[in-house]
Amino acid sequence: GRRRRRGRGLGRRRRRLRARRSRRGVVVTLAGACLDAAAYLALVAWAPVLARVDGDAPFGLVYSLAMAAAVVGTNGFALAASRKPPKFEALAAAACAVGAVAFAVLAYHRDDVPGAVAPFLLFQLAFGCSKPAFASLRGKHVPAESRDAAAKLRSAFVAGAGLALTLLY
């Protein structure tokens, strides 16, 4: 009979895994870029939103709290990532969901200072957690030979989306 060649199916399997990894890499790159664009808009918009609510609001304190929230989010990621095995996908999805809700509330709530500041701080917390989560996912799903192109795509998208969102705001 026919002899079976060893390793013949291995090439097909590698190609399928590489294609799946490339698709996931595109999704991770674009999701991270959307989050970065939202972060740029939040950083541009928080002061005017707060000024409309209360012109005498403590802007320095709010900015300091926002940076502290981002640091707490990053440390929260480190704590969650220390679990075995780390669930980067679930952590990034949760951070994006919390960030999206906080961003929507920030965009539409303009009645009082706590109502304007709380969603901004929650968004910064989620953003602080999501940055290292997306970096881990890029390392996992974006092939090494495609990382430079993915970074350029991400930068172009963030610049365009950030500019468009700022002008629309």
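Just so you know, residue 1 is the first one in the sequence shown, and it goes up from there.
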Practice prompt. For residues Lys140 and Glu89, determine if any side-chain heavy atom of one lies less than 4.5 Å from a side-chain heavy atom of the other.
Written response: yes

Worksheet entry | Euclidean distance, Cys96 SG relative to Phe134 CZ, rounded to 0.5 Å | 3.5 Å

Item to complete: Using the rule that two of Ile, Leu, Val, Met, Phe, Trp, Tyr join whenever any of their side-chain heavy atoms come within less than 4.5 Å, decide whether Leu122 and Met67 are in one cluster.
Response: no

Worksheet item: Distance from Leu125 atom CG to Leu65 atom CG, nearest 0.5 Å?
Response: 12.0 Å

Worksheet item: Do Leu61 and Tyr63 belong to the same hydrophobic cluster, where Ile, Leu, Val, Met, Phe, Trp and Tyr are linked whenever their side-chain heavy atoms lie under 4.5 Å apart, directly or via other members?
Response: yes

Response to the item:
The reported gap from OG in Ser130 to CG in Asp36 (rounded to nearest 0.5 angstrom) is 7.5 Å

Discussion item. Nearest 0.5 angstrom please: Ser82 OG to Phe77 CZ, how far?
Written reply: 10.0 Å

Item to complete: Search all heavy atoms of Thr74 against all heavy atoms of Gly128 and return the closest pair with its distance.
Response: OG1-O, 3.0 Å

Item to complete: State, to 0.1 Å, how close Val142 and Gly25 come at their nearest heavy-atom pair, and which atoms those are.
Response: CG2-CA, 3.6 Å

Discussion item. Would a single hydrophobic cluster contain both Val158 and Leu35, if residues Ile, Leu, Val, Met, Phe, Trp and Tyr are joined by side-chain heavy-atom contacts under 4.5 Å?
Written reply: no

Worksheet, complete the sentence: Closest non-hydrogen atoms of Arg154 and Ala33, given as atom of the first, atom of the second and distance, are CG-CB, 3.7 Å

Practice prompt. List the atom of Ala39, the atom of Phe127, and the distance in Å for their closest heavy-atom pair.
Written response: CB-CE1, 3.4 Å

Discussion item. Rounded at 0.5 Å granularity, tell me how far OG in Ser136 sits from NE2 in His141.
Written reply: 10.0 Å

Fill in: Ala126 versus Gly99, closest heavy-atom pair with distance
CB-N, 3.7 Å

Worksheet item: Between the side chain of Arg147 and the main-chain N/O of Gly139, is any donor-acceptor distance below 3.5 Å?
Response: yes

Worksheet item: Is there a path from Val98 to Val72 through hydrophobic residues (I, L, V, M, F, W, Y) whose side chains come within less than 4.5 Å of each other?
Response: yes

Worksheet item: What distance do Leu30 atom CG and Phe157 atom CZ have between them, rounded to the nearest 0.5 Å?
Response: 6.5 Å

Worksheet item: Would Val27 end up clustered with Leu153 when hydrophobic side chains under 4.5 Å apart are linked, directly or stepwise?
Response: no

